[in-house]
Amino acid sequence: MLIVHCRSGDDDLGAHCVEIGAEFRWSFKSNAMATTLFWCSLAVEDKRLSFVAYGDEVPYFFEHWSVYDGGLYGKDIRTGGERFMGAWRRIWLP
């Protein structure tokens, strides 16, 4: 089970448990000043990963993210290919 928690400066979408093979989706409208920023934290077992899902740091053509054992990939809607976006970090759990 993957735990996904996404938020912006104005909206907290809460933590969601996502089954393997399932999707987590949301939609929003960018603010008038084009400063909207969404970031997400992912957790599974003893691994964590955080990333900016929408904002200046993210090319506009990444609108779909996939999570694998090796980390996070963004799907390039221009080419249909995937690009590696980040690796899992292991945390110590008591």
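From a predicted model like this one, the values you see are computed outputs, not experimental measurements.
Smallest separation of non-hydrogen atoms from C17 and M1: CB-SD, 3.1 Å. Across L37 and G55, no two heavy atoms sit closer than the pair CD1-CA, 4.0 Å. Closest heavy-atom contact between G74 and W65: CA-CE3, 3.6 Å.
V67 has its side chain out of reach of F24: every pair of non-hydrogen atoms, C-beta onward, lies at least 4.5 Å apart. Residues E82 and S66 form a side-chain contact, since some pair of their non-hydrogen atoms from C-beta on lies under 4.5 Å apart. Proximity of H64 to R25: side-chain heavy atoms (C-beta onward) are nowhere separated by under 4.5 Å. Under the 4.5 Å side-chain criterion, counting only non-hydrogen atoms from C-beta, C6 is not in contact with H16. Residues V44 and W88 are in side-chain contact: their nearest non-hydrogen atoms beyond the backbone lie under 4.5 Å apart. In this structure, F51 and L42 have side chains that are in contact, with non-hydrogen atoms separated by less than 4.5 Å. Side-chain contact between D11 and F28 is absent, with no heavy-atom pair separated by less than 4.5 Å.
Here the CD-CG distance, from E19 to L2, works out to 10.0 Å after rounding to the nearest 0.5 Å. The structure places CG of L13 at 9.5 Å from CZ of R7, a figure rounded to the nearest 0.5 Å. Considering CZ of R90 and CG of D46, their distance stands at 4.5 Å, rounded to 0.5 Å.
By the neighbour-count criterion of 12 heavy atoms within 6.0 Å, atom CG of D69 is sparsely surrounded, having that number or fewer from other residues, nucleotides or ligands.
Under the 4.5 Å side-chain heavy-atom criterion for ILVMFWY residues, no single connected hydrophobic cluster contains both F38 and Y73.
Aromatic rings from W39 and Y54 are positioned such that their centres are separated by 6.0 Å or more.
With respect to E45 and K47, no salt bridge is recorded, no charged nitrogen being found less than 4.0 Å from a carboxylate O.
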